[in-house]
Amino acid sequence: MPKPKVYVTRELPERGLKTIKECFDAEIWREYAPPPKKVIIEKAKNVDALASLLSDKIDAEVFDAAPRLKIVAQLAVGFDNIDVQEAIKRGIYVTNTPEVLTDTTADFAWALLMAVARRVAEADRYVRSGQWKVGWHPNMLQGRDVYGATIGIVGAGRIGYAVAKRATGFDMKILFYDVISRPEMEKLGAKQVELDMLLKEADFVSIHVPLMKETYHLINADKLKLMKKTAYLINNSRGPVVDEKALYQALKEGRIAGAGLDVFEQEPTPIDNPLLKLDNVVVAPHISSASYETRSKMAEMVAENLVEFFDGRKPPNLVNPDVMKVRPLKKLF
Ligand code: GLV
């Protein structure tokens, strides 16, 4: 049997890529920038599998061009870029890379939180730009205490929980909002509340929901109005969960104290995004899971999902199990 054909939309970390190259007839998009959609469509015409990233839009247009396509193995926990319902209709398996990135992503939420509260990025710019002209001054670059404050976690799944766990080490009061109950959060001493209550009470609001119809602009102008003037918003989930224009207004008018953002409504965010002009905003280019160890493990998981599927076994990180009724598993190697 010839090896299944896989199109890999970016150079993945070597450990995963090596397996993919050994086991499959693999073609890899070698440029740093993502392949244009028309390239993905062109390549999809003739492959059994795609290894995708969150910046690749994999929708009905791609599927319609891809009669052989059987699986999309994504390197990311989020998969809002993939039209999963359309995939199910066509018997296309979709997998992601959960869990391995939970702690790395939670660490980064904390990096943003600490950076914005204690003005780390501002302080760095202050020193480098030569503004540090007097020695120590009691009023220089004062920020907000993190320890003992109240953190509000919006979305208490794996990553939200890991953020909450870290908050216990800072002696914080932990509130959380979720659409289901989360006994593991209660065990940490966290209290489940309505979103409005969380926004009114938290000193730090940290967002950890997936992007879905229900969470699009979950944090909008009205919700931002509920937050304290001294509170900070942290988002390393998906950009469109927050209405960026409303966030800018709230920050500009001093209605909230600051924001730490790893994600944007449009990525890359345009250089003229007004949020980038604000000193009380700390930004990063969607790198929350970007540790050497985690990105390597994520790439290995992509390879494992592909290998398991083509070997006729359920891929470990299948996100659309209903697909098995449309295309039952079978050995394809
Ligand atoms: C990153 O944002 C991911 O979904 O893994």
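In each ligand, atom 1 is the first atom listed, and ligand 1 is the first ligand listed.
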- Message: As a test of understanding, state which of Arg10, Gln74, Lys37 forms a side chain to side chain donor-acceptor pair (under 3.5 Å) with Asp56.
- Response: Arg10
Ligand-residue contact atoms, ligand 1 with [X], heavy atoms, under 4.0 Å:
X	result
Leu54	1 (C), 2 (O), 3 (C)
His286	1 (C), 2 (O)
Ala76	3 (C), 4 (O), 5 (O)

Would [X] count as a polar contact of ligand 1, with the cut-off being nitrogen or oxygen pairs under 3.5 Å?
X	answer
Arg238	yes
Val77	yes
Gly78	yes

Less than 3.5 Å apart, which donor and acceptor atoms pair up between the side chains of residues 247-265 and the rest of the protein, not counting sequence neighbours?
unit_1: Glu253; atom_1: OE1; unit_2: Arg255; atom_2: NE; d: 3.0
unit_1: Glu253; atom_1: OE1; unit_2: Arg255; atom_2: NH2; d: 3.2
unit_1: Asp262; atom_1: OD1; unit_2: His286; atom_2: N; d: 2.8
unit_1: Asp262; atom_1: OD1; unit_2: Ile287; atom_2: N; d: 2.8
unit_1: Asp262; atom_1: OD2; unit_2: Ile287; atom_2: N; d: 2.9
unit_1: Asp262; atom_1: OD2; unit_2: Ser288; atom_2: N; d: 2.9
unit_1: Asp262; atom_1: OD2; unit_2: Ser288; atom_2: OG; d: 2.6
unit_1: Glu265; atom_1: OE1; unit_2: His217; atom_2: NE2; d: 3.1
unit_1: Glu265; atom_1: OE2; unit_2: His217; atom_2: NE2; d: 3.2
unit_1: Glu265; atom_1: OE2; unit_2: Glu244; atom_2: N; d: 2.9

- Query: Hey, what's the ring geometry for Phe170 with Trp110, parallel, tilted or perpendicular (30° and 60° as the breaks)?
  - Reply: parallel
- Return the set of residues passing salt bridge (charged side-chain N to carboxylate O under 4.0 Å, His left out) with Lys45 (not counting sequence neighbours), or none when no residue passes. Glu42
- Taking non-hydrogen atoms only, is Leu101 closer than 4.0 angstrom to ligand 1 via side chain, backbone, both or neither? side chain
- Query: For ligand 1, is any non-hydrogen atom under 4.0 Å from Leu75's backbone (N, CA, C, O), its side chain (CB onward), both, or neither?
  - Reply: neither
- Query: Are Tyr161 and Phe176 close enough that their ring centres sit under 6.0 Å apart?
  - Reply: no
- For the pair Arg295 and Ser289, evaluate side chain to side chain donor-acceptor pair (under 3.5 Å) and give the outcome as yes or no after the intermediate values. CA-CA 7 Å; Arg295 286 286 164 86; Ser289 66; 2.9 Å; yes
